[in-house]
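Below: one structure, written as structure tokens.
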Amino acid sequence: MQLRNWLPAALVVLLVSRGRVSALDLDIEDEASIKNAARKMAFQMMSEYHGDEPGQVPGLILESWWEGGAMFMTLIQYWYWTGDTTYNDIVREGMLHQQGQNDFFPSIYGHFLGNDDQMFWGLAAMTAAELNFPEEEDQPSWVSLAQGVFNTQVPRWDETACGGGMRWQIWPFEAGYTMKNAISNGGLFQLAARLARYTNNDTYFQWAEKIWDWSATTPLLKSDDWTIADSTSAAYMYNTTNGGQKWKAGIDGLLATTGKVFFAKGVMSEIWCEQTMTCDRNEDMFKGFLSSWLTSTAIIAPYTASEIIPRIQRSALGTAQQCLDGQSCGCRWHQEEWDGSATMQSDMSALSVFSSAMAIFRADAKPLTIATGAISKSNPAAGSKEDALPFKTHPVRTGDRVGAAFATVLFVVLWMVGFIWLLDPRECIRSCFAAESDAIV
Ligand SMILES: *[C@@H]1O[C@H](CO)[C@@H](O)[C@H](O)[C@H]1NC(C)=O
Ligand SMILES: *[C@@H]1O[C@H](CO)[C@@H](O)[C@H](O)[C@H]1NC(C)=O
């Protein structure tokens, strides 16, 4: 064997004997090392984004419009935690291009969007406002875009079934219209809670409480064993009410469930699909949201930090094992060897958990409010009312309902079960079906 053939083989043995094959290097105690890992992941993720190239549509990710909102939210957090401004112009351009009539409901896509799709953009704008992400002159402020989403969604609150709630889909012809699900209600709840904290306007507070209370009367939010779709927004209400007991109970319960179910392996895992390696592009992103929202919880409800931060750190270390240096990441953060998968969406989750691991170096970090130095200007009237009320104009006949319900069941099985991701899968199936049958009564 010639030397040049032998050398790579020896190197592999050497690396394998260290237990890892060129995983991304990460020292969780070292700020520069975390920033470096995050920078590589941001680069890797953005190599799949083309909206900034000539002839392309800024902010658009093909076949998954909402993913753009999720990606920009992740990049805003990345900028905040690391100070790297590389992608700021791309973020601003993409978000402003997709703003629709100041409400992230662009008319060319509006006919197939669900409430949750629009919500992710709203949450991205809210994040930009809270973190003082630079704004563009002569363009709507970040917080006003979030208010635009709130203003278009609130009139969709539907009391014709189940005594309230947001439907998943906006249009009766979409599969999923008959379902009131956790992501849509949890999304508006979170946005309302954050707007309440940011603006100190009681209207948002009342809406947040109304959505929470309604959800608690349904299987979507079960306060006996604390299964729910979203783990962190109770923290904003806790902070806004200066430690209100109702919200503390919510945080405690949800955090316990999250720990038990999603950190059973010590490291964050998407239990629904990782074991079978069947996660879809949505599910690949969910660990990223959980990372950043848990980190927000640790900041605005500081008593949770000692529980949350070590979990984030362990998860970041686990992730590094799944990210081969300079390449896309796998999804099984708990496993030492690379799991063989590589998606842009897993890179987004990896980026998010690396960014979150920066929190320990930033004692001053916190989502801002108008009262504590946020510069994004409130506009309670933002958004177009015309986008708000589609379902009132289309009476639904029974035949449509049955058809939609049938399609929705497929959705539940194929996709939705994963999307309602903080629920234990067994719970999820039960509550989706329960919500489904309630909704079509
Ligand atoms: C609310 O959040 C701030 C950080 O933004 C924190 O300093 C404060 O302690 C929080 N309030 C409560 C009641 O934990
Ligand atoms: C509070 O928000 C509501 C709902 O958007 C709005 O109608 C009202 O004008 C706001 N109040 C203030 C003081 O900004």
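Remember, it's 1-based here, ligands and their atoms both numbered in the order they're listed.
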**Fill in**
Numbered in order shown, the ligand 1 atoms found under 4.0 Å of a heavy atom of Tyr238 are 12 (C), 13 (C), 14 (O)
**Request:** Using non-hydrogen atoms of the residue, decide whether Lys248 is closer than 4.0 angstrom to ligand 1.
**Result:** no
**Request:** Report the relative orientation of the aromatic rings in Phe72 and Tyr49; use parallel for angles under 30°, tilted for 30 to 60°, perpendicular for over 60°.
**Result:** perpendicular
**Prompt:** Are Lys366 and Asp364 within salt-bridge range, i.e. N to O under 4.0 Å?
**Reply:** no
**Complete:** Checking heavy-atom distances from atom 5 (O) of ligand 2 to each of Pro380, Ala382, Ala196, Ser378, the winner is Pro380
**Message:** Please work out, at 4.0 Å between heavy atoms, whether the side chain, the backbone, both, or neither of Tyr204 comes within that distance of ligand 2.
**Reply:** side chain
**Asked** Side chains of Gln322 and Gln335: donor-acceptor distance under 3.5 Å anywhere?
**Response** no
**Asked** Is the shortest N/O to N/O distance between Lys366 and ligand 1 below 3.5 Å?
**Response** no
**Asked** Regarding Trp168 and Asp116, is there a side-chain donor-to-acceptor distance under 3.5 Å anywhere?
**Response** yes
**Request:** Looking only at protein heavy atoms, identify the closest one to atom 14 (O) of ligand 1 and say how far it is in Å.
**Result:** Pro302 CD, 3.2 Å
**Request:** Using a strict cut-off of 4.0 Å, indicate which atoms of ligand 1 neighbour a heavy atom of Gly243.
**Result:** 13 (C)
**Prompt:** Using a distance-only test with no angle check, is there a side-chain donor-acceptor pair under 3.5 angstrom linking Asp103 and Thr152?
**Reply:** no
**Message:** Centroid separation under 6.0 Å, is that true for the rings of Tyr80 and Phe133?
**Reply:** no
**Asked** Are Cys279 and Cys331 close enough that their SG atoms are less than 2.5 Å apart?
**Response** no
**Message:** Please list the nearest protein heavy atom to atom 4 (C) of ligand 2 with its residue and the distance rounded to 0.1 Å.
**Reply:** Thr203 CG2, 3.7 Å
**Asked** Between the side chains of Gln77 and Ser355, does any donor sit under 3.5 Å from an acceptor?
**Response** no
**Prompt:** Which one holds for Tyr303 and ligand 1: side chain close, backbone close, both close, or neither close, with close meaning a heavy atom under 4.0 Å?
**Reply:** neither
**Prompt:** To which protein heavy atom is atom 11 (N) of ligand 2 closest, and what is the distance rounded to 0.1 Å?
**Reply:** Asn201 ND2, 2.8 Å
**Asked** Atoms of ligand 1 less than 4.0 Å from Asn239 heavy atoms?
**Response** 1 (C), 2 (O), 3 (C), 8 (C), 10 (C), 11 (N), 12 (C)
**Prompt:** With a cut-off of 4.0 Å, which atoms of ligand 1 are near a heavy atom of Arg197?
**Reply:** 5 (O)
**Prompt:** Is the shortest distance from atom 7 (O) of ligand 2 to a protein heavy atom below 4.0 Å?
**Reply:** no
**Request:** Find out whether the Lys NZ or Arg CZ of Arg197 is both under 6.0 angstrom from the six-membered ring centre of Tyr238 and within 45° of the ring's axis.
**Result:** no
